[in-house]
Chemist: 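First the structure, then my questions, so here it is.
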Amino acid sequence: MESKKHKRKTNHVVIVTSDAVDANVRQFRIKPWLLQTIIVILCVVLGAFIGYFIYEERIWVDTWKTVNQKNTELTDQITLLEEEKQELEAQVESQNEKIQILSETVNQKTQSESELARQLEEQSLPTEFPLTGSASMEEAQEGDPICVFTASAGTMVVAAASGTVTAVNDDGEYGHNVWIDHGNGYVTIYRNQGDVMVNQGDSVVQGTTLFLIGEENTTLGYQMMKDGAYINPMDMLAISG
C-alpha cells in the first residue's frame, strides 16, 4: 500500500522591527488564506480608488465640456446682445435725427404761423389811406368824427384793411355807404355817391375797391369806430406813419 502523503502546512511570517537599539523583533504568523484575503481586499480597495478617480476624471471632463459649451453659448448670446444693442442705438440715433428734423419743422411752422398771424393782424388794422390817389381833406367840426376827402376822377375808394362787409346802405347825404368790420374791434365806414363795388357779406382785403370816383362823385366821407365808438380816422393813419 502506498503511504499517505501529508499536505504540508505553510505559514507566512511578518517580521516587525525598529531602528531603536533595544528594540525587540516581533514576528507575526499569518495564515495563507488570511494573507490572500488581505491581498484581495487591498486589490478591491485599490481597484475602487482607481475606478473612482477614473470616474471623477470623466465627470470633470464632462463638466468641463459642459462649462465650455455654456461659455460658448453665453459668448454667442453676448455677441448677439451687442449686435442688438448697436442696432437699437442706430435706431435711436435715427429717431433722434427724425425728432430733430420734426422739431425744426414744427418750429419753422410755428414761426411761419406767428408771422402769418402778425401779418393778418397788421392787415386787419385800418391804417392804410382809403384812396388810391392824392386828395384834399376836411374834418367835420360837429357831430361824429368824419374825414371828408375830395379826389380826382379815376381814383378808387379802397378798403383800409382786411375785413367783412357787414352793410351796404343808401346814404341821404353821400348816396351810399359801406361798412366793413375788421374783426378786431375796428369798423370803417365809406360814404360816396358812386356805384358800390362790393356786396354785404363779402370778405375784402386791404386795397379792395369799394367805389370808383367819377366826375360827379369826387367826395368821400370816411369814418372809423373802435369798440362801438367813433374815433378820428386820422389817428390811425398817423400810427401807420
Chemist: Where the side chain of Asp62 meets the backbone of Ile59, is there a donor-acceptor pair that is under 3.5 Å apart?
Modeler: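 Such a contact is absent between Asp62 side chain and Ile59 backbone.
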
Chemist: Linking I/L/V/M/F/W/Y whenever any side-chain heavy atoms sit under 4.5 Å apart, do Met137 and Val148 land together?
Modeler: no

Chemist: Would you check if Leu80 and Glu83 make a side-chain contact, meaning some heavy-atom pair closer than 4.5 Å?
Modeler: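 Leu80 vs Glu83: side chains touch.
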
Chemist: Would a 4.5 Å heavy-atom cut-off, applied to side chains only, mark Asn199 and Val168 as touching?
Modeler: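 Asn199 does not reach Val168 side chain to side chain.
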
Chemist: Please evaluate residues Glu121 and Arg118 with respect to the criterion salt bridge (charged side-chain N to carboxylate O under 4.0 Å, His left out), reporting the C-alpha separation (whole Å), side-chain torsions for both, the decisive distance (0.1 Å), and the verdict.
Modeler: CA-CA 5 Å; Glu121 183 179 359; Arg118 184 188 65 79; over 6 Å; no

Chemist: Distance only, no hydrogens: is a donor on one side chain within 3.5 Å (strictly under) of an acceptor on the other, for Trp179 and Asn177?
Modeler: yes

Chemist: With sequence neighbours left out, which residue pairs that include part of residues 101-111 fulfil the side-chain hydrogen bond (donor to acceptor under 3.5 Å, both in side chains) condition?
Modeler: Gln100-Glu104

Chemist: CD of Glu87 to CD of Glu82: how many Å apart, nearest 0.5 Å?
Modeler: 13.0 Å

Chemist: Please collect all ring pair (Phe, Tyr, Trp, His ring centres under 6.0 Å) contacts where either partner lies in residues 124-146, sequence neighbours excluded, each pair once.
Modeler: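 Qualifying pairs, neighbours excluded: Phe129-Phe149.
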
Chemist: Only one of Asp202, Val196, Val198, Val158 forms a side chain to side chain contact (heavy atoms under 4.5 Å, CB included) with Leu210, so which one is it?
Modeler: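 Filter result, single survivor: Val198.
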
Chemist: Taking atom CG as the centre, does Asp144 end up with more than 12 heavy-atom neighbours from other residues, nucleotides or ligands that are less than 6.0 angstrom away?
Modeler: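 Yes, CG of Asp144 has more than 12 neighbouring heavy atoms, counting only those of other groups under 6.0 Å.
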
Chemist: Measuring from Ser124:OG to Gln119:CD, what's the distance to the nearest 0.5 Å?
Modeler: 11.5 Å

Chemist: For Thr166, is there any backbone N or O sitting under 3.5 Å from a side-chain donor or acceptor partner on Gln200?
Modeler: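 Pair found, side chain donor or acceptor close to backbone of Thr166.
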
Chemist: As an exercise, state the distance from CG of Leu46 to CD1 of Ile50, rounded to the nearest 0.5 Å.
Modeler: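 Result: 4.0 Å between the selected atoms.
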
Chemist: Quick check: does any side chain N or O of Gln123 sit under 3.5 Å from a backbone N or O of Ala161, one acting as donor and the other as acceptor?
Modeler: no

Chemist: Consider only side-chain heavy atoms of I, L, V, M, F, W and Y, link residues closer than 4.5 Å, and tell whether Met236 and Val157 are in one cluster.
Modeler: yes

Chemist: Is the gap between the ring centers of Phe211 and Tyr190 under 6.0 Å?
Modeler: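 Ring centroids of Phe211 and Tyr190 are no less than 6.0 Å from each other.
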
Chemist: Given 3.5 Å as the limit, does a donor-acceptor pair link the side chain of Thr155 with the main chain of Ser152, or not?
Modeler: yes

Chemist: Taking a hydrophobic cluster as the set of Ile, Leu, Val, Met, Phe, Trp and Tyr residues connected by side-chain heavy atoms closer than 4.5 Å, whether directly or through intermediates, do Val45 and Tyr52 fall within one such cluster?
Modeler: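 Result: yes, single cluster for both.
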
Chemist: Which pair of heavy atoms, one from Lys226 and one from Asn184, lies closest together, and at what distance?
Modeler: NZ-O, 3.1 Å

Chemist: Is there a path of hydrophobic side-chain contacts, each under 4.5 Å between heavy atoms of I, L, V, M, F, W or Y residues, that connects Leu237 with Leu131?
Modeler: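 The answer is yes; both residues are in one hydrophobic cluster.
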
Chemist: Can you confirm whether Val165 sits close enough to Val204 that some side-chain heavy atom of one is under 4.5 Å from a side-chain heavy atom of the other?
Modeler: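 Yes. Closest side-chain heavy atoms under 4.5 Å.
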
Chemist: Counting neighbours of CD on Glu216 that are heavy atoms of other residues, nucleotides or ligands and sit closer than 6.0 Å, is the number greater than 12?
Modeler: no

Chemist: Mind listing the closest non-hydrogen atom pair of Gly154 and Leu212 along with its distance?
Modeler: O-CD1, 4.0 Å

Chemist: I need the Ile180 CD1 to Met224 CE distance, nearest 0.5 Å.
Modeler: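 With rounding to 0.5 Å, CD1 (Ile180) is 10.5 Å from CE (Met224).
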
Chemist: When rounded to the nearest 0.5 angstrom, what distance separates CD in Gln223 from CG in Asn232?
Modeler: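 Interatomic distance, Gln223 CD to Asn232 CG, rounded to 0.5 Å: 10.5 Å.
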
Chemist: Give a yes or no on this: more than 12 heavy atoms of other residues, nucleotides or ligands lie within 6.0 Å of atom CD of Glu113.
Modeler: yes

Chemist: Say whether, by atom type as modelled, one donor and one acceptor occur between the side chain of Asn71 and the main chain of Thr66 under 3.5 angstrom.
Modeler: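 Absent.
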
Chemist: So, taking the atom named CG in Leu88 and the one named CD in Gln95, what distance separates them when rounded to the nearest 0.5 Å?
Modeler: 11.5 Å

Chemist: Does atom CD (Glu93) have a neighbourhood of more than 12 heavy atoms from anything else shown, all under 6.0 Å?
Modeler: no

Chemist: Spell out, as yes or no, whether a donor-acceptor pair under 3.5 Å connects the side chain of His176 to the backbone of Asn192.
Modeler: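 Such a contact is absent between His176 side chain and Asn192 backbone.
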
Chemist: What I want to check is whether the side chains of Tyr186 and Thr188 have a donor and an acceptor closer together than 3.5 Å.
Modeler: no

Chemist: Answer yes if Met234 and Tyr230 sit in the same cluster of Ile, Leu, Val, Met, Phe, Trp and Tyr residues linked by side chain heavy atoms under 4.5 Å apart, and no otherwise.
Modeler: no

Chemist: Do you know the tightest heavy-atom contact between Gly214 and Ala153?
Modeler: C-CB, 3.9 Å

Chemist: Please walk me through it: do Ile189 and Val178 pass side-chain contact (heavy atoms from CB on, under 4.5 Å)?
Modeler: CA-CA 6 Å; Ile189 307 163; Val178 175; over 6 Å; no

